[in-house]
Amino acid sequence: MKIPPVKGTRDFYPPDMAVRNWLIDGWKKVSVRNGFEEYDGPIFEYLKMFQIKSGDEIVEQLFSFKDRGGRDLAIRPEITPTLARMVNQQINSLPKPIKWFSVPRLCRAERPQKGRLREFFQWNIDIIGVDDVLADAEVIFCALDYLRDVGLTPDDIVVKISSRKLLAAVLKEIGVPKESLDSLYALLDKKNKLPPETFEKMLNEQLPDSEMAGKIRAFMGLETISQIEEMFGRQEAFDEIVTLMDWLNRMGVGDYCKFDPSVVRGLAYYTGIVFEIYDKASELRAIGGGGRFDDLLKQFGGTDIPATGFGIGDCVLSILLEEKGLLKTRPQQLDYFVACVDESFRDAVIEVTMRLRSNCFASNFSYKAVKLSKQLKQASDQNAQKCIIIGEEFKDNQLLVKDMVAGEQKTIEVDKFFAELKSLV
RNA sequence: GUGAAAGUAGCUCAGUCGGAUAGAGCACCGGGUUGUGGUCCCGGGGGUCGCGGGUUCGAAUCCCGUCUUUCACCCCA
């Protein structure tokens, strides 16, 4: 019986795995050089952990199950609740600020489509315990540090930045009642994702006052902070976003960043700076996004401590990098391939190979003592840097070492060869 | 969860007014007489045409269902 892979999942054959490793190694490397430490949690948690932050409707998007003790559990669709739980558990003993990162494997029971699968990897970084906007800048820098490192330029991607505080202030200025804010955020978040007519219709439904609706529409279309100041007067939240932009410029990533009031983020828990990273052509869904969530740890039963962070998934990013020709792989690398001219040298092949391996050199050999030309082909296929050819000269304790890149070869005494290797390690 | 399109070898695809042993390129395996790879030449294996049912003398081809993929919704933590 043939069993197909589960809907929305991927098999990682060695070439795919090489790409995945390259991608994730890059995330980890950049996290570490930005001063973040890696953490991880279990891949399943209590179902209710995921309801605290996102509500009941999210349960439909979860892979959930009962364990044998009747506990309601779910495979993690995000790692932020786990982060909150872990931080809260040891809040008093953790040195502040907490700068942690993780690359969790996540599952969401959504309908797969371009750039969205049911199982994926997501790079998360978070700074907990700093309410300075500098931390938001550092988080954005960290994302761009990676994206720039892999070769994406300001012509390829843009970080659209706004502020929940600013949005709240403007909506208050406009006269929107406080109780309509959350549902309005959800709608505004969709502005660029819906056809204009549909957005208009939904906006009018939520906000019958046409004067208010008009002002909101005008606000969403603004491109600079000073325009907002002209239209709505100076707001306290301005300083914060001006400072953020200033930091990003000083950090050298200002040309990737753009103020954009239409960035809202759908989730209710964001409290300050919010941002989303898009491909410049806007043909793909968001590459990633994040923002400040100062109340979240408290909601998870912890202390009142500020936090900011982001998440970037592997699916959309891979598509973009592939399109730009920037996707690299890290294929199999062999230091040595040990070949022999005929069957009589098989024992020597095994002996030499294992000795190389014991000295920490990646080495391989052919199970069948096929023709030397075939063995060399295998060596090429496996990207061996060098080949050791064992033939008649082995009887005089000599090895033939062939450089597969340069094509040169030389004979060397066995003991001398291994002595030189040791000095290399 | 809703709607649309697609599914033929490991991959990219050809093949349908319904007709005989279903093809190509790439990949894979083997060979090209003495101990040298990344090129070339020759040969080979591999498909119950996604799966199940129906119509028909006969189905890869037509119809229905189902699964998967892709696209658009819902959603996007």
Side-chain angles (χ1 to χ4, degrees), chain A residues 1-11 13 15-16 45 49-55 57-62 74 76-84 104 106-118 120 122 124 186-187 189-190 193-195 198 202 264-270 274 276 283-291 293 296 309-313 315-316 319 334 337 339-345 366 368-394 400-409 411:
Chain A
M1 188 169 64
K2 228 197 218 166
I3 300 172
V6 175
K7 182 195 195 74
T9 64
R10 290 169 288 180
D11 292 328
Y13 288 87
D16 310 306
E45 295 271 4
M49 265 227 340
F50 302 116
Q51 295 171 297
I52 294 175
K53 176 176 143 188
S54 314
E57 63 279 11
I58 228 69
V59 172
E60 294 168 17
Q61 315 267 35
L62 292 175
R76 63 187 180 189
E78 57 168 333
I79 202 168
T80 310
T82 302
L83 171 71
L106 307 176
C107 293
R108 297 176 185 175
E110 299 173 296
R111 191 110 179 208
Q113 48 183 277
K114 190 175 188 183
R116 190 168 76 180
L117 297 169
R118 288 185 162 188
F120 56 96
Q122 192 183 60
N124 282 255
L187 174 62
D189 180 56
K190 285 177 199 155
K193 299 158 192 168
L194 290 174
T198 314
M202 291 173 79
V264 180
R265 304 285 286 163
L267 274 291
Y269 68 80
Y270 286 106
V274 286
E276 287 181 341
E283 279 161 3
L284 304 170
R285 59 180 63 246
I287 298 163
F293 46 98
L296 193 68
F310 75 72
I312 291 181
C315 301
V316 177
I319 293 169
L334 274 186
F337 190 96
C340 59
V341 299
D342 66 60
E343 193 115 21
S344 67
F345 297 102
S366 173
K368 288 179 286 184
V370 290
K371 279 175 37 173
L372 182 59
S373 64
K374 292 289 171 194
Q375 293 182 62
L376 288 172
K377 183 167 159 47
Q378 284 177 41
S380 289
D381 291 344
Q382 294 177 34
N383 295 314
Q385 299 300 296
K386 290 178 178 171
C387 249
I388 290 176
I389 299 167
I390 298 179
E392 291 303 317
E393 60 276 88
F394 188 71
L400 186 55
V401 181
K402 180 182 172 82
D403 187 315
M404 297 297 279
V405 182
E408 296 158 354
Q409 59 187 41
T411 50

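Lettering of chains follows the sequences in order, A, B, ..., and the numbering in each one begins at 1.
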Using only heavy-atom distances, decide whether a donor-acceptor pair under 3.5 angstrom links the side-chain of [X] to the base of [N].
{"X": "A:Q375", "N": "B:U36", "answer": "no"}
{"X": "A:S380", "N": "B:G37", "answer": "yes"}
{"X": "A:R108", "N": "B:C75", "answer": "no"}
{"X": "A:E110", "N": "B:G1", "answer": "no"}

Using purine N1 to pyrimidine N3 plus N6-O4 or O6-N4 for Watson-Crick, or N1-O2 and O6-N3 for G-U wobble, each under 3.5 Å, what pairs with [N]?
{"N": "B:U55", "value": "none"}
{"N": "B:C49", "value": "none"}
{"N": "B:A9", "value": "none"}
{"N": "B:U70", "value": "B:A4"}

Does [X] reach a base, just sugar-phosphate, or nothing at all? Heavy atoms under 4.0 Å.
{"X": "A:G311", "value": "nothing"}
{"X": "A:S373", "value": "sugar-phosphate"}
{"X": "A:E60", "value": "nothing"}
{"X": "A:K114", "value": "sugar-phosphate"}

Residues that A:Q113 engages under side-chain hydrogen bond (donor to acceptor under 3.5 Å, both in side chains), provided they are two or more places apart =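 Expected list: A:R285.
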Mind checking side-chain hydrogen bond (donor to acceptor under 3.5 Å, both in side chains) for A:E276 and listing every partner two or more places apart, or none if nothing turns up?
-> A:R265, A:Y278
Give a yes or no on this: more than 12 heavy atoms of other residues, nucleotides or ligands lie within 6.0 Å of atom NZ of A:K386.
-> no
Relative to the 5' end of RNA chain B, which residue comes earlier, A:D189 or A:V6, by the nucleotide with the nearest heavy atom?
-> A:V6
Which atom pairs link the protein and nucleotides 3-8 of chain B when you take only N or O atoms and keep those under 3.5 Å?
none

For A:K371 and B:G31, is the shortest distance between a side-chain N/O and OP1 or OP2 below 4.0 Å?
-> no
Any protein N or O atoms within reach of nucleotides 25-29 of chain B? Criterion: under 3.5 Å, listing atom names and distances.
none

Test ring-ring contact (aromatic ring centres under 6.0 Å, His included) applied to A:F394 - qualifying residues, sequence neighbours left out |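 A:F394: no ring-ring contact (aromatic ring centres under 6.0 Å, His included) contacts found.
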Kindly give the atom pairs (protein nitrogen or oxygen, nucleotide nitrogen or oxygen) under 3.5 Å for nucleotides 65-67 of chain B.
none

